[in-house]
Amino acid sequence: MFPEGGKVLSGVSPEEFLLRLSRAAEVRLAEPMAQHTTFGVGGEAAYYVLPEHPAAVGEIVGLCRGASVPHVILGAGSNVLFPDRGYPGVVISTERLTGIRIDGPYADVLAGTRIGELLVRLHRVGIHSLDFLSGIPGTVGGAVAMNAGVPEGTIGGLVEHVWAVDERGEISLLDKRSCRFAYRDSLFREERVPILAARLRLDGPAYDGRALLARRAESQPLSSRSAGCVFRNPPGDAAGRLIEAAGLKGFRVGMAKVSEKHANFILNLGGASSADIRKLIDIVRQKVYKSFRILLKLEIEVIDG
Ligand SMILES: Cc1cc2nc3c(=O)[nH]c(=O)nc-3n(C[C@H](O)[C@H](O)[C@H](O)COP(=O)(O)OP(=O)(O)OC[C@H]3O[C@@H](n4cnc5c(N)ncnc54)[C@H](O)[C@@H]3O)c2cc1C
C-alpha cells in the first residue's frame, strides 16, 4: 500500500519523504477515502495531508513531483470516485484552506471554502448573485476545477482570476481565459493544476436560491449518497433522459443503483463498493450506446491511482 523505496519514490527514502511531508502539513496515514467522499466509497489513501496555508500546497506538490509520488487534490469529495484498493500516493485535502474576503464587486475565496458557506457570508451583506449555485455540495476549488453549474450559469462565468500552483510548485495568477473553462471542464481538471483561491465577480443578477433548491429537490435524490450527475449531457440531449429511455431507472449492481428519481444519479444504497459503481457505470454506457449510438462521457472524476 505505501510507496516503497525504489518502487514509487525516486531519490528519497519513504521515511525522509514522510518527514518532509509532515513539515508542510498534518499527515494521516492509511486514511479511508470513503469518509471523505459523498459516494461514501473508496479505500485508504497512503498519505492524506491537510495543508493550512496555500503555500504549503506548492511545497507538497513539489515534494511529490520530486519523489515521483502520485498526488491528487481533494475538496469536498462530491464529484469523485476512489477505487476500493485505495490510493497509493498523497491526497491533498483543501479542508483547512478556508477564507473569504469581500473586495468591492469581488470575493476572494480560498479553495477549501464550501459553496454553502460562501453563499451564507454573501447573504449577510445582501448579495444573492451566486445563489444559482445553491445546493452544490462542493468547495470553491472543486467547483472551479469542474466548472460546476446549473442551467442558469456556471462558476467559471464568475471567475475573474485564479491563484494556482504552477509546474515549479510556485503560486501563479491565471486570468479567466487561461483557465480554459468549458462544460464541466477546465485547465485545472484537464491538467490537474491545484487551485489555491479564486476571485469571483459578485455584480451579476440576483437569484432566488431557495426556489432553485426547492425545484432541484423535486427532481433530484438530494438526500441519498451520490456524486450528483454521473455523466455529462451530450450536445442537445440529457444523459438522464437517455438512461431512462434505455430502461435503466432502478437498475442495480450490488448496492449501487440508478436513481428512480433522476436517472443520471447513481446511489450508494449503503455498503456499495467502488467496483459496484464502476460496473454500473459501464453497463449504463453500453446500454445507452446500444440503444442510441451515443457514448456518454463521465462528469464525475474516477480516480485510478
Ligand atoms: C447531491 C449532489 C448534487 C450536485 N449538484 C451539482 C450541480 O447541480 N452542478 C454541478 O456542476 N455539480 C453538482 N454536483 C457535483 C459536485 O458537487 C461539484 O462538481 C462540486 O463543485 C465538486 O466540488 P468538490 O469540492 O466536492 O470537488 P471534489 O469532488 O473533491 O473534486 C472534484 C475534482 O476537482 C478536483 N479538485 C478539487 N479541489 C481542487 C482544487 N482546489 N484545485 C484543483 N482541482 C481540484 C479534484 O481533483 C477532482 O478532479 C453535485 C453533487 C452532489 C453530491
Side-chain angles (χ1 to χ4, degrees), residues 33 36-40 42 45 48 51 54 57-58 60-61 70-82 87 89-98 109-118 132-157 159 162-166 171 174 179 181-198 209 212-213 215-217 219-233 240 259 261-262 264-268 298-305:
M33 285 301 94
H36 298 282
T37 60
T38 54
F39 258 141
Y48 182 80
V57 178
I60 295 162
V61 169
H71 54 281
V72 65
I73 189 147
L74 187 71
S78 65
N79 218 19
V80 289
L81 180 61
F82 277 91
Y87 186 74
V90 177
V91 173
I92 306 167
S93 165
T94 60
E95 202 179 313
R96 295 185 182 163
L97 293 176
T98 60
V109 193
L110 285 180
T113 309
R114 299 281 184 139
I115 288 172
E117 193 188 330
L118 173 62
F132 66 90
L133 299 170
S134 292
I136 298 183
T139 60
V140 166
V144 170
M146 300 300 302
N147 193 14
V150 290
E152 285 74 13
T154 59
I155 195 164
V159 165
V162 169
W163 289 267
V165 175
D166 68 17
I171 299 178
L174 296 172
C179 297
F181 289 117
Y183 171 50
R184 299 297 174 268
D185 210 355
S186 70
L187 161 85
F188 312 103
R189 181 175 191 186
E190 283 298 310
E191 298 186 13
R192 298 193 174 250
V193 175
I195 297 164
L196 302 173
L212 290 173
L213 199 54
R215 201 179 71 197
R216 177 204 279 269
S219 62
Q220 298 181 357
L222 300 182
S223 53
S224 307
R225 275 193 169 278
S226 79
C229 288
V230 172
F231 301 99
R232 299 182 220 201
N233 290 322
S259 163
K261 202 167 180 183
H262 191 308
N264 199 9
F265 279 60
I266 289 182
L267 310 181
N268 175 1
L298 281 176
E299 177 171 326
I300 62 166
E301 191 73 37
V302 175
I303 310 276
D304 274 320

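Positions are given from 1 along the sequence. As the structure lists them, so they are numbered: ligands from 1, and atoms in each ligand from 1.
- The residue from T94, T139, T98 that alone fulfils the side chain to side chain contact (heavy atoms under 4.5 Å, CB included) condition with T113 is T98.
- At a threshold of 4.0 Å, the pair E301-R192 counts as salt-bridged, since one of the basic side-chain nitrogens sits closer than that to a carboxylate oxygen.
- Looking only at distances, a side-chain donor or acceptor of T38 sits under 3.5 Å from a matching main-chain atom of S226.
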Any chance you could lay out the ring pair (Phe, Tyr, Trp, His ring centres under 6.0 Å) test for H36 and Y48, step after step, and finish with the verdict?
CA-CA 10 Å; H36 298 282; Y48 182 80; 4.3 Å; yes
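- Ion pairing of R215 with E152 is present here, as a side-chain N (NZ or NE/NH1/NH2) and a carboxylate O approach within less than 4.0 Å.
- The 4.0 Å heavy-atom shell around ligand 1 contains residues T38, V72, I73, L74, G75, A76, G77, S78, N79, V80, T94, A111, I136, P137, G138, T139, G141, G142, A143, A145, M146, A148, G149, V150, R184, V193, P194, I195, R216, L222, S226, A227, G228, E301, ordered by chain and number.
- Using a cut-off of 4.0 Å between Lys/Arg side-chain N and Asp/Glu carboxylate O, E299 and R232 are scored as not salt-bridged.
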